[in-house]
Amino acid sequence: LSLLVLAGCTGTSRQPQLVATDSLLLSRPDSALTLLRGMSFTDKADRMYHYLLLADACNKCYDTLPSDTILQEVADYYDRHGSANEQVRAHYLLGCAYRDMGEAPHALECYQTAVSRADTNASDCNYRQLMSVYGQMAELFYKQNLPQDLLEVSNKYSQFALLIQDTLKYIRNLELQTKAYDLMGDTLKMQESIKTAQKLYKAHGYIELSTSGNGTLAYIAIIRGELSEAKELMDEYESNSGHFDSEGNIIKGRESYYYIKGLYYKDMGKLDSAEYYMRKMLNTGNDVDAYRGLLSVYREGYDKDSLNR
């Protein structure tokens, strides 16, 4: 805060407190958001920059973005007056606003506009920003069941991750490409992608992350009837991933793993254990999987009344 106050006294043409707050966005977006909410400007250039940063901070903090009307004005302004990087950023954030509104076609259009504005040959090209754009496009293509498009933008993401030497994001993206192969029903490609990522995790010292794909590998083993292999994969995941507490409960946000464990116990004929793990998904945002899993368990041998519970 002291630095921001000092910066505000320099008299530069662009508001120094905005420039200083911009530098906080990557490492401390919550602090940047607090600061930005306490600012207001009358000069148009400063107002547009303020809205741009405010939207970026909200997006990083999973908070409500400024309206699409405001962000469209910001995008139009930077199209006329901004650099290539600023145009990419503005259209990306406009796309994020549409994403949060559930307007996937408009969001995708904005993301495509954003990448078209980039000057990838410029020495100051913000490759990390482009990675964010391609990452959001990948999520949309996944939700729209478009695996080939997903792979195309995922490969772009990997390209820029290598350019900025962000090895961890490169490996994670390689692992996430399994989403596309899952949509294609190609379990062999899913295995190859995960195992390649696991080798890279280990090679670069990310030991805990090297087991992050074990759940998917275990699922593939289960549907192939390879239950002993599935058990080994699950045991390794639960012991080494760091995602479980002392009582064997997985961390919040990863409860879908219980579906895999429930399937394993179902195929082992241990229906009580299978039901237990399927029920652990209820009220965690995985209700659809929970009910689908419970139905598969009840069909194995429970009485008909159980189907109504």
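Counting begins at 1 with the first residue of the sequence. These numbers come from the heavy atoms of this one structure, side chains and all, not from hydrogens, waters or symmetry mates.
- If you look at Tyr51 and Tyr77, their ring centroids are not closer than 6.0 Å.
- For Glu236, the CD atom counts as densely surrounded, since its 6.0 Å shell holds more than 12 non-hydrogen atoms of other residues, nucleotides or ligands.
- When side chains are defined from C-beta on, Ile222 counts as touching Ile260, because their heavy atoms get closer than 4.5 Å.
- The hydrophobic cluster containing Met184, built from Ile/Leu/Val/Met/Phe/Trp/Tyr side-chain heavy atoms closer than 4.5 Å, also comprises Leu151, Tyr181, Met190, Ile220.
- Interatomic distance, Tyr201 OH to Glu175 CD, rounded to the nearest 0.5 Å: 4.0 Å.
- Remark: Ile250 CD1 to Tyr277 OH distance equals 11.0 Å, nearest 0.5 Å.
- Heavy-atom neighbours of Leu162 CG from other residues, nucleotides or ligands within 6.0 Å: above the threshold of 12.
- At least one side-chain heavy atom of Leu271 sits under 4.5 Å from a side-chain heavy atom of Lys266.
- Asp289 has a carboxylate O that lies under 4.0 Å from a charged side-chain N of Arg292, or vice versa, which qualifies the two as a salt bridge.
- Proximity of a side-chain donor or acceptor of His50 to a complementary backbone N or O of Leu36 within less than 3.5 Å is detected.
- Leu176 forms part of no hydrophobic cluster, judged by ILVMFWY side-chain heavy-atom separations under 4.5 Å.
- Asp63 places no side-chain N or O within 3.5 Å of a backbone atom of Asn59 that could act as its donor or acceptor partner.
- Annotation: side chain of Phe41 is in contact with side chain of Leu18 (closest heavy-atom distance under 4.5 Å).
- Remark: side-chain polar atoms of Thr34 are paired, donor with acceptor, to backbone N or O of Asp30 under 3.5 angstrom.
- Two residues are said to be in side-chain contact when any heavy atoms from C-beta on lie closer than 4.5 Å; Ser116 and Thr113 meet this criterion.
- Ile164 and Val153 fall within a single hydrophobic cluster, where Ile, Leu, Val, Met, Phe, Trp and Tyr are joined by side-chain heavy atoms under 4.5 Å apart, directly or via other members.
- Among all heavy-atom pairs drawn from Lys60 and Asp56, the shortest one is NZ-OD1, 2.6 Å.
- For Glu109, the CD atom sits in a loose shell: 12 or fewer heavy atoms of surrounding residues, nucleotides or ligands are nearer than 6.0 Å.
- Taking all atoms of both residues into account, the shortest heavy-atom contact from Ala84 to Arg117 is CB-O, 3.4 Å.
- Shortest non-hydrogen contact noted between Cys58 and Leu33 is SG-CD1, 3.7 Å.
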Under the side-chain contact (heavy atoms from CB on, under 4.5 Å) rule, what do Met39 and Thr21 come out as? Steps first, then yes or no, please.
CA-CA 11 Å; Met39 299 179 188; Thr21 306; 3.4 Å; yes

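- The heavy-atom pair separating Ala114 from Val88 by the smallest distance is O-CG2, 3.2 Å.
- Across all non-hydrogen atoms, the minimal contact from Val297 to Ala274 is CG2-CB, 3.7 Å.
- In this structure, the separation between CG on Leu140 and CG on Asp149 is 11.0 Å, given to the nearest 0.5 Å.
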Test log, rule side-chain contact (heavy atoms from CB on, under 4.5 Å), inputs Tyr49 and Tyr78
CA-CA 9 Å; Tyr49 188 31; Tyr78 282 109; 3.5 Å; yes

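- Rounding to the nearest 0.5 Å gives a distance of 13.5 Å between CZ of Arg128 and CG of Asn85.
- Between the CE atom in Met278 and the OH atom in Tyr259 there is a gap of 5.5 Å [rounded to 0.5 Å].
- Around NE2 of His106, the count of heavy atoms belonging to other residues, nucleotides or ligands within 6.0 Å does not exceed 12.
- Using a 4.5 Å heavy-atom threshold, the side chains of Lys280 and Asn249 count as touching.
- Side-chain polar atoms of Asn214 and Glu238 form no donor-acceptor pair below 3.5 angstrom.
- By the 4.0 Å N-to-carboxylate-O rule, Lys179 lies close enough to Glu139 to be salt-bridged with it.
- A 4.5 Å side-chain heavy-atom check between Gln177 and Asn155 finds at least one atom pair inside the cut-off.
- If you check the side chains of Asn173 and Ser154, you find a donor sitting under 3.5 Å from an acceptor.
- In this structure a side-chain-to-backbone donor-acceptor pair under 3.5 Å is present from Thr196 to Glu192.
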Apply the test side-chain contact (heavy atoms from CB on, under 4.5 Å) to residues Asp235 and Glu232: give CA-CA distance (whole Å), side-chain angles for both, the deciding distance (0.1 Å), then the verdict.
CA-CA 5 Å; Asp235 286 347; Glu232 290 178 11; 5.8 Å; no

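- To the nearest 0.5 angstrom, Phe160 atom CZ is 5.0 Å from Leu130 atom CG.
- Residues Val133 and His91 have side chains not in contact (no heavy-atom distance under 4.5 Å, counting atoms from C-beta outward).
- Tracing side-chain contacts under 4.5 Å through hydrophobic residues (I, L, V, M, F, W, Y), one never reaches Tyr170 starting from Ile194; they form parts of separate clusters.
- Of the N and O atoms on the side chains of Gln159 and Tyr127, not one donor lies less than 3.5 Å from an acceptor on the other residue.
- When all heavy atoms are compared, the tightest approach of Tyr98 to Ala107 is CB-N, 3.7 Å.
- Residues Leu163 and Met137 fall within the same hydrophobic cluster, defined by Ile, Leu, Val, Met, Phe, Trp and Tyr side chains chained together at heavy-atom separations under 4.5 Å.
- Contact annotation: the side chain of Arg47 never approaches that of Thr42 to less than 4.5 Å [non-hydrogen atoms, C-beta and beyond].
- Taking 4.0 Å as the cut-off between side-chain N and carboxylate O, Arg80 and Asp76 do not count as a salt-bridged pair.
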Evaluate side-chain contact (heavy atoms from CB on, under 4.5 Å) for Arg89 paired with Leu93, printing each intermediate quantity in order.
CA-CA 6 Å; Arg89 193 178 188 182; Leu93 291 167; 4.1 Å; yes

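- Looking only at distances, no side-chain donor or acceptor of Gln72 sits under 3.5 Å from a matching main-chain atom of Leu94.
- Transitive grouping of hydrophobic side chains (ILVMFWY, heavy atoms separated by less than 4.5 Å) brings Tyr298 and Tyr291 into a common cluster.
- Both Tyr264 and Met281 are assigned to one and the same hydrophobic cluster, defined by single-linkage of ILVMFWY side chains at heavy-atom distances under 4.5 Å.
- Annotation: Tyr237 is in aromatic contact with Phe244 [ring centroid separation under 6.0 Å].
- The main-chain N or O of Gln198 is never found under 3.5 Å from a side-chain atom of Ser210 such that the two would form a donor-acceptor pair.
- Around the NZ atom of Lys156, the shell of radius 6.0 Å holds no more than 12 heavy atoms that belong to other residues, nucleotides or ligands.
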